[in-house]
Visitor: 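Got a structure for you, written out below as structure tokens; questions coming shortly.
The basis for the numbers below is simple: all heavy atoms, side chains too, and nothing from hydrogens, waters or symmetry mates. Counting convention: from 1, in listed order, for ligands and their atoms alike.
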Amino acid sequence: MESKKESNFQKIIAHAKEYGFIYPSSDIYDGLSAVYDYGPTGCELKKNIKDYWWKSMTQMHQNIVGIDAAIFMHPTTWKASGHVDNFSDPMIDNKDSQKRYRVDHLIENYSSELEQKGLEKEARDLINLMDLHLKNEDFSALKALILSHNIKCQVSNTCNWTDIRQFNLMFKTEIGSVAEEANTLYLRPETAQGIFVNFLNVQKSSRLKLPFGIAQIGKAFRNEIVARQFIFRMREFEQMEMQFFIPPGTQKKWFEYWKETRLNWHLSLGTPHSKYQYKPHVKLAHYADAAVDIEFEFPFGFKEVEGIHSRTDYDLSRHQEFSKKKMTYFDPETNQHFIPYVIETSIGLDRMFLAILSQAYTEEPVPKEDGSTEERIVLKLPTKLAPYKLAIFPLTKKDGLPEIAQTIYKECQTSFYCFYEEKDSIGKRYRRQDAIGTPCCVTIDHQSKEDQTVTIRHRDTMLQERVAIKDLKMLINSYL
Ligand code: GAP
């Protein structure tokens, strides 16, 4: 079962490259670990996911506005936010292979192996103990746990482990042209701080009253030690975050509200409920008083795609302390000044992309004319996320059919993305569009010249019907 899932995952990765969704970064130089580039179809799908999130957060909420803050921020930001001191993972090195592991990943992998051997209770007990030691930051107990289970390095196959140490995940760089004058900067490890430092600028310039939110989409960078699982854990990735500012004391209510609202957003894309689950955090981040992950069932199991965090007034208070600038909000109704509390929703765009891609990837048998079957690969993407909405095919390259097809293309391209192709048989052209998830294809044939109709073929059902050319644009728009 596991190896079937794993081979399915490998097929998805190969498919993503072959059809222009995702390539390893700097591919000609053999790639850069945990860094990826999005190709022509990939960047459209990614942009559509972004737009769908952005609209649902800003356009659909009267009290949420967007910003686009710079990646570089004043270095004190990261001191205030706690990232300089706390943004680290416990790591352990194998002395023989020199390979470094995140302690939780090392133990979780071993626990999965126990599960596969049918030792479910032992696997559960191990994870419970790990969670307890992580919560208490008891590194010697964690190391003892690794040794007592004889957990080995995958490379050297030995248990020759170092002590466990914290490893900071922020990338450093320098600003300034002369080395002596250069100041250390960090590449932001989350977009959230760009929102916190702009809290009063936005509140005043947009004349906002609590509760209100600020949304942002942008790049974040983390020097992940164990970078694996394709675009699930990257060193350069994108986040879609929203900080919702509220009066102190209302955080429980708003935490529940955003927990539910965000899960509903995922479900609104048509993914079955069974593919999602909540996972409350055992070890809370340094800024949170409650936190829950929304997990998606990836080909390698249920894993976090989004986090909902009740961040208290931690960030604004710390920025007030470090910047010596007031971060308080004046409530005209109660005549009080206070620092708002914050509920954060934070989703990884690339992880969402992977969730959508793995959910959409389908291999299915299709009947051939001679009664046998063949397999087709189809991406059953939600129509609003598909890179192209309509593919337009003249049946032949002559008899005036390309001219009609081009007229349809020009008419539709102003409303949605269209794909035009004249080459190969119609069957082959359908297969290519199936592989990139185009929901509808139209074929212009000789009958089109007589009665101004075309054949529309639907991706998921493969059913075909004739529609009037004049109705085509309206029909596709109705699917959107
Ligand atoms: N501002 C809060 C924050 O950054 P997080 O749980 O560390 O919280 C939020 O990250 C989301 O960002 C995660 O749910 C995940 O989807 C995404 N994410 C985090 N690290 C990532 C990585 N290395 N690669 C891809 N996505 C990542």
Visitor: Pairs of nitrogen or oxygen atoms, one from ligand 1 and one from the protein, closer than 3.5 Å: please tabulate them with distances.
Guide:
| unit_1 | atom_1 | unit_2 | atom_2 | d |
| --- | --- | --- | --- | --- |
| ligand 1 | 1 (N) | E190 | OE1 | 2.6 |
| ligand 1 | 1 (N) | E241 | OE2 | 2.5 |
| ligand 1 | 1 (N) | R311 | NH1 | 3.4 |
| ligand 1 | 1 (N) | E344 | OE1 | 3.3 |
| ligand 1 | 1 (N) | E344 | OE2 | 2.8 |
| ligand 1 | 4 (O) | R222 | NH2 | 2.9 |
| ligand 1 | 4 (O) | Q239 | NE2 | 3.0 |
| ligand 1 | 6 (O) | E304 | OE2 | 3.2 |
| ligand 1 | 7 (O) | R222 | NH1 | 2.8 |
| ligand 1 | 7 (O) | R222 | NH2 | 3.0 |
| ligand 1 | 10 (O) | Q239 | NE2 | 3.4 |
| ligand 1 | 12 (O) | Q239 | NE2 | 3.3 |
| ligand 1 | 14 (O) | E304 | OE2 | 2.6 |
| ligand 1 | 14 (O) | V305 | O | 3.4 |
| ligand 1 | 16 (O) | V305 | O | 2.9 |
| ligand 1 | 16 (O) | G348 | N | 3.0 |
| ligand 1 | 20 (N) | R222 | NH1 | 3.3 |
| ligand 1 | 23 (N) | E224 | OE2 | 2.8 |
| ligand 1 | 23 (N) | M234 | N | 3.4 |
| ligand 1 | 23 (N) | M234 | O | 2.8 |
| ligand 1 | 24 (N) | F232 | O | 3.4 |
| ligand 1 | 24 (N) | M234 | N | 2.8 |

Visitor: Which residues satisfy the ring pair (Phe, Tyr, Trp, His ring centres under 6.0 Å) test with H133, sequence neighbours excluded?
Guide: none
Visitor: Keeping N168 on the side-chain end and V84 on the backbone end, is there a donor-acceptor pair under 3.5 Å?
Guide: yes
Visitor: Distance only, no hydrogens: is a donor on one side chain within 3.5 Å (strictly under) of an acceptor on the other, for Q243 and E344?
Guide: yes
Visitor: Could you check whether the rings of F298 and F296 sit parallel, tilted or perpendicular, using 30° and 60° as the cut-offs?
Guide: perpendicular
Visitor: Could you verify whether a donor N or O on one side chain and an acceptor N or O on the other, from Y329 and Q203, lie under 3.5 Å apart?
Guide: no
Visitor: Do the side chains of E375 and K11 get close enough for a salt bridge, i.e. N-O under 4.0 angstrom?
Guide: no
